[in-house]
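Worksheet: one structure, shown below.
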Amino acid sequence: MSRSGQADGRGEQLAFSLARHSALTAERFIPAPSNVAARAWLARPKWPDGRLWLWGAPGTGKTHLLTMWAAQHSATILNARDFTAEAKNERVRVAGHVAIDNADQAGDEATLLHLLNDALAFGDRVLMVGRLPPSRTVCVLPDLASRLRATATTATSEPEDELRARLLLSLLAGRQLVVSQQVTDWLWRHLPRTGDALVEAVQRLDDAALAKGVPITRALALSVLPDLLQPDE
């Protein structure tokens with residue numbers, strides 16, 4: 001159905017499940033030089049052919065940016081990993097703008113191609129997010145590969161030191177974890193300088209603290225993060 005409620009030729013919308021990212025709000029996003037190019041592209045009122053591909057390493061804010069853009073533009077969020085092959089008359093149809101996470105890991109390429117074709121035909125915008133750029137994304141369907149290569153791209157880069165420190169605190173707060181400043185400072189100094197490492201570390205610490213019923217301490221970190229923690233210089 002269209003926004004006005006009238007049939008628009010795309011049939012009824014079929015929804016895919018996607019975990020709700022309640023913490024990924026504009027208020028909690030941390031602007032930094034590592035994401036300034038992506039933010040500038042997302043702020044544009046138009047993209048070439050209405051498509052944009054945002055890529056970067058895990059933990060650099062891509063899904064946060066996608067969620068913010070979707071909220072701002074009333075876009076439907078889909079997870080490309082959930083795409084499955086359907087009969088032609090039952091394929092996914094979405095009215096309005098679309099934000100597709102994990103676009104470089106589509107479970108069904110035909111579904112992704114149909115979504116792009118529909119959006120182009122109806123003048124809707126599509127934001128795609130992945131770890132790799134389109135040039136390094138393997139596609140079996142030639143038409144999809146061609147469409148992605150012609151898509152405008154932007155990227156996030158690894159966070160700066162100041163952003164890493166704020167990201168660590170934000171990740172802990174997002175899981176409602178109370179950690180002393182002495183421990184957070186120690187973690188920041190000893191964890192790798194990537195957003196992915198911070199996300200992985202906080203998840204492990206949260207799981208271990210919950211399972212053992214103990215607070216997050218340096219001793220707990222040493223026991224669950226031996227492969228991530230770096231020695232003192």
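- Side-chain contact check for Leu205 versus Leu187: some heavy-atom pair is nearer than 4.5 Å.
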Apply the test side chain to side chain contact (heavy atoms under 4.5 Å, CB included) to residues Trp186 and Leu229: give CA-CA distance (whole Å), side-chain angles for both, the deciding distance (0.1 Å), then the verdict. CA-CA 10 Å; Trp186 180 82; Leu229 295 173; 3.6 Å; yes
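- The CG atom of Asp101 sits 5.5 Å away from the CG atom of Leu66 when rounded to the nearest 0.5 Å.
- Hydrophobic clustering keeps Leu116 apart from Leu132 (ILVMFWY residues linked when any side-chain heavy atoms are closer than 4.5 Å, directly or through intermediates).
- By the rule that hydrophobic residues join a cluster once side-chain heavy atoms approach within less than 4.5 Å of another member, Val202 and Val199 end up as members of one cluster.
- The closest side-chain heavy-atom distance from Thr111 to Leu115 is below 4.5 Å.
- For Ser34, the side-chain hydrogen bond (donor to acceptor under 3.5 Å, both in side chains) partners two or more places apart in sequence, or in a different chain, are Glu160.
- The two residues Val36 and Pro33 have their closest heavy-atom pair at CG1-O, 3.2 Å.
- Across Arg39 and Phe29, no two heavy atoms sit closer than the pair CD-CE2, 3.6 Å.
- In this structure, Ala103 and Ala80 approach most closely via the heavy-atom pair CA-CB, 3.9 Å.
- Taking CD1 of Ile100 as the start and CG of Leu54 as the end, the distance is 13.0 Å to the nearest 0.5 Å.
- For Ser146 (side chain) and Pro142 (main-chain N/O), no donor-acceptor pair under 3.5 Å exists by modelled atom type.
- Using cut-offs of 30° and 60° on the angle between ring planes, the pair Trp69 and His97 is tilted.
- Cation-pi check for Arg44 over Trp41 is met; the charged atom lies under 6.0 angstrom from the ring centroid and within 45 degrees of its normal.
- For the side-chain hydrogen bond (donor to acceptor under 3.5 Å, both in side chains) with Thr60, the lone residue among Asp196, Thr194, Thr156 that qualifies is Thr156.
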Throw together a table of side-chain donor-acceptor distances under 3.5 angstrom for residues 173-185, partners on residues two or more places apart or in other chains.
from: Arg175; atom 1: NH1; to: Asp206; atom 2: OD2; distance (Å): 2.8
from: Ser180; atom 1: OG; to: Val183; atom 2: N; distance (Å): 3.2
from: Thr184; atom 1: OG1; to: Ser180; atom 2: O; distance (Å): 3.4
from: Thr184; atom 1: OG1; to: Gln181; atom 2: O; distance (Å): 2.9

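- The CG atom of Asp124 lies 9.5 Å from the OG1 atom of Thr76; values are rounded to the nearest 0.5 Å.
- Across all their heavy atoms, Ala119 and Val126 have their closest contact at CB-CG2, 3.3 Å.
- Take Arg125 and apply the side-chain hydrogen bond (donor to acceptor under 3.5 Å, both in side chains) test, not counting sequence neighbours, and it matches no residue.
- Hydrophobic clustering of Ile, Leu, Val, Met, Phe, Trp and Tyr side chains at less than 4.5 Å, counting indirect connections, unites Leu228 with Leu198.
- Both Leu220 and Leu172 are part of a single hydrophobic cluster, where members link through side-chain heavy atoms under 4.5 Å apart.
- Considering only heavy atoms from C-beta on, Pro134 comes within 4.5 Å of Thr153 through its side chain.
- A donor-acceptor pair is defined here as one N or O able to donate and one able to accept, closer than 3.5 Å; such a pair exists between the side chain of Asn35 and the backbone of Ala32.
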Pair Arg147-Asn117, side chain to side chain contact (heavy atoms under 4.5 Å, CB included): steps then yes or no: CA-CA 9 Å; Arg147 187 65 55 83; Asn117 288 340; 2.6 Å; yes
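- The closest side-chain heavy-atom distance from Glu200 to Pro192 is not below 4.5 Å.
- The shortest non-hydrogen separation linking Trp188 to Arg164 is O-NH2, 3.2 Å.
- When atom types are taken as modelled, the side chain of Lys62 and the backbone of Gly56 share a donor-acceptor pair closer than 3.5 angstrom.
- Between Asp207 and Arg204 no salt bridge is recorded (no basic side-chain N to carboxylate O distance below 4.0 Å).
- Glu109 CD to Phe83 CZ: the interatomic distance, rounded to the nearest 0.5 Å, is 11.5 Å.
- Partner of Trp47 under the side-chain contact (heavy atoms from CB on, under 4.5 Å) criterion, out of Leu52, Thr151, Thr154: Leu52 alone.
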Quick one, Ser223 with Lys212, criterion side chain to side chain contact (heavy atoms under 4.5 Å, CB included). Give me CA distance, side-chain angles, the key distance, then yes/no. CA-CA 12 Å; Ser223 68; Lys212 298 180 180 181; 4.1 Å; yes
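- Taking the ring axis of Trp55 as reference, the NZ or CZ atom of Arg131 does not stay both within 45° of it and closer than 6.0 Å to the ring centre.
- No donor-acceptor pair under 3.5 Å is formed between the side chain of Ser74 and the backbone N or O of Ala70.
- Contact annotation: the side chain of Met128 approaches that of Leu112 to within less than 4.5 Å [non-hydrogen atoms, C-beta and beyond].
- Not one N or O on the side chain of Asp49 forms a donor-acceptor pair closer than 3.5 Å with the backbone of Arg51.
- Remark: the backbone N or O of Gln105 is not paired with any side-chain donor or acceptor of Asn102 at under 3.5 angstrom.
- Here Leu167 contributes atom CG and Asp161 contributes atom CG; the two are 12.0 Å apart, rounded to the nearest 0.5 Å.
- Closest approach of Ala152 to Pro48, counting heavy atoms only: CB-CD, 4.1 Å.
- Both Leu168 and Val224 belong to a single network of hydrophobic side chains, linked directly or stepwise wherever heavy atoms of I, L, V, M, F, W or Y lie under 4.5 Å apart.
- How far CG of Leu222 is from NE2 of His190: 8.5 Å, rounded to the nearest 0.5 Å.
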